[in-house]
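Structure record follows, encoded as structure tokens.
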Amino acid sequence: MQALSRRLGQQSFNSAASISSLRPTYSISDAGYGLDYPRYGSTLASRGSGYVLRKGTGGRSSVSGIIATVFGATGFLGIYLVQQLAKMGSQVFVPFRGSEDSPRHLKLMGDLGQIVPMKYNPRDENSIKAAMAKANVVINLIGREYETRNYSFEEVNHHMAEQLALATIMRPSTMIGTEDRILNRWAHFAKNYSFLPLIGDGSTRIQPVYVVDVAAAIVAALKDDSSSMGKIYELGGPEVFTIRELAELMYDTIREYPHYMKVPFPIAKILASPREIFLKKVPFPLPTPNIFNLDEIHALSQDTLVSENALTFSDLDIVPHKLKGYPVEYLAAYRKGGPQFGSTISEKVSPDAYP
């Protein structure tokens, strides 16, 4: 959720990590790259390291010519973006500020030495410059959907992005995927408490998008002829859901009977307010908000759809996935009795299917 944008009185598109800043130093295109072309001849240059040659046929052991620094690579969207960059032979620098184990899983996505974790301090300008020094592309995925004692919305969603040169902006809607922060939370709550709080009356409309499609859109913008530079893309899925319809999809996938408790917006805001009030007043960290996140409640008070004249997936030649099916199959882990079972199994599976 772009809480800062709303607080500044601007209309924004819905996502926790919604700004991806892409800054190619030189044009990136696919000309002269592949099986039918010479394995050299790139005019790409990474600053301070001379010319970069494209080699190979485009797999993870090739050299794509892209040297990317991805801020926020350890987050939800970052994992999928690093994977797509790595599988095409790009070198990816991964700045991180936490434990050295945070980026460890990303190293497996690329060939030896292609994923390079770098310790950095987001409040230190020299540290940021060092992380970007050898890159010809910089991507910013830093964003939070709630504030902490150490980082406010303004610092995370505005100041950190301001430190980087913004060129192309991607604004994804609510992202759905294995590690998402909406369907997973709903399914976990529904399994533990046998009901789901429905903020408002569930009629707010959103346009959820599969996270893999968002990562593909960013890579597509990197591979074009720089025609995407300086543009803003709004990335929404092919279907519009109300909050209740999306919850129905979740219940249908985990094979449970839907039970809701409607929570009016004023009541939901009251339930979420204590954390916001005590956030900077207590000397210890407060629990991470789950269902009652004040910023998300504000976001659900209005529809979040792709603007009528906005640039979208189609302008990047990408056809986004529909949610029902593979994109939400990860919710099978929440089925009672295991992935092949569930409370409503008799309604979902024909008796003839049993051995």
Side-chain angles (χ1 to χ4, degrees), residues 1 14-18 74-81 83-84 105 145-146 172-200 202-217 235-263 268 288-293 296-297 299-300 304 313 319-350 353-354:
M1 311 292 176
N14 178 21
S15 178
S18 65
T74 57
F76 176 34
L77 174 57
I79 296 171
Y80 294 89
L81 177 59
Q83 187 266 340
Q84 294 213 19
H105 59 291
E145 72 272 21
Y146 59 89
S173 181
T174 301
M175 291 184 291
I176 303 298
T178 306
E179 304 88 359
D180 71 43
R181 301 185 184 100
I182 180 168
L183 296 186
N184 274 307
R185 287 177 178 174
W186 289 358
H188 189 265
F189 193 98
K191 290 290 290 183
N192 285 342
Y193 302 103
S194 300
F195 74 95
L196 181 67
L198 206 59
I199 308 299
S203 63
T204 304
R205 297 182 301 160
I206 61 175
Q207 207 165 336
V209 60
Y210 188 31
V211 65
V212 173
D213 294 331
V214 177
L235 307 179
E239 302 167 297
V240 175
F241 290 83
T242 64
I243 295 300
R244 188 184 184 96
E245 289 170 345
L246 190 59
E248 293 281 356
L249 175 62
M250 180 274 295
Y251 270 116
D252 184 65
T253 306
I254 68 173
R255 294 177 180 170
E256 291 293 333
Y257 296 103
H259 298 283
Y260 303 106
M261 177 182 290
K262 292 185 178 181
V263 183
T288 299
N290 193 351
I291 297 295
F292 294 103
N293 180 336
E296 293 182 3
I297 293 170
L300 291 176
T304 307
F313 282 112
V319 179
H321 291 76
K322 292 185 177 182
L323 286 193
K324 191 168 185 179
Y326 178 73
V328 295
E329 279 187 356
Y330 62 92
L331 292 175
Y334 294 97
R335 291 174 183 168
K336 184 182 298 183
Q340 304 302 320
F341 301 95
S343 298
T344 62
I345 181 66
S346 60
E347 300 176 7
K348 307 298 179 185
V349 180
S350 170
Y354 289 107

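The structure displayed is predicted, hence computed values, not measured ones.
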Kindly compute the distance separating [atom1] ([X]) from [atom2] ([Y]), expressed to the nearest 0.5 Å.
| X | Y | atom1 | atom2 | answer |
| --- | --- | --- | --- | --- |
| Leu196 | His259 | CG | NE2 | 11.5 Å |
| Ile176 | Ile206 | CD1 | CD1 | 6.5 Å |
| Met250 | Tyr334 | CE | OH | 10.0 Å |
| Met175 | Tyr210 | CE | OH | 13.0 Å |
| Ile182 | Thr174 | CD1 | OG1 | 5.0 Å |
| Thr304 | Arg205 | OG1 | CZ | 10.0 Å |

Practice problem: Could you give me the CA-CA distance, side-chain angles and deciding distance for Tyr326 and Glu329, then say whether side-chain contact (heavy atoms from CB on, under 4.5 Å) is met? | Solution: CA-CA 5 Å; Tyr326 178 73; Glu329 279 187 356; 3.8 Å; yes
Looking at side-chain heavy atoms only, is the closest gap between [X] and [Y] below 4.5 Å?
| X | Y | result |
| --- | --- | --- |
| Leu198 | Ile243 | yes |
| Val214 | Phe76 | no |
| Asp180 | Val211 | no |
| Tyr330 | Asn184 | yes |
| Val240 | Glu245 | no |
| Arg185 | Glu296 | yes |
| Ile254 | Trp186 | no |
| Pro258 | Glu248 | yes |

Quiz item: Between Ile79 and His105, does a side-chain contact (heavy atoms from CB on, under 4.5 Å) hold up when you go through it step by step?
Solution: CA-CA 9 Å; Ile79 296 171; His105 59 291; 4.0 Å; yes
Self-check item: Under 3.5 Å donor-acceptor, Asp213 side chain and His321 backbone
Solution: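 Pair found, side chain donor or acceptor close to backbone of His321.
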Quiz prompt | Expected output: side-chain Arg255 to main-chain Phe341 donor-acceptor under 3.5 Å | solution =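 Side chain of Arg255 to backbone of Phe341: a pair is present.
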Exercise. Assert yes or no for the condition that the ring centre distance of Tyr260 to Tyr251 is strictly below 6.0 Å.
Key: yes
Quiz item: Taking all non-hydrogen atoms of both residues, which atom of Lys322 and which atom of Pro327 are closest, and how far apart?
Solution: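 Shortest heavy-atom contact: O-CG, 3.3 Å.
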Practice problem: Looking only at non-hydrogen atoms, find the nearest pair between Ala217 and Leu235 and report the distance. | Solution: CB-CD1, 3.8 Å
Practice problem: Check step by step if side-chain contact (heavy atoms from CB on, under 4.5 Å) holds for Leu323 and Leu246. | Solution: CA-CA 10 Å; Leu323 286 193; Leu246 190 59; 4.0 Å; yes
Quiz item: Can you check side-chain contact (heavy atoms from CB on, under 4.5 Å) on Gln340 and Arg335, steps first, answer last?
Solution: CA-CA 8 Å; Gln340 304 302 320; Arg335 291 174 183 168; 5.7 Å; no
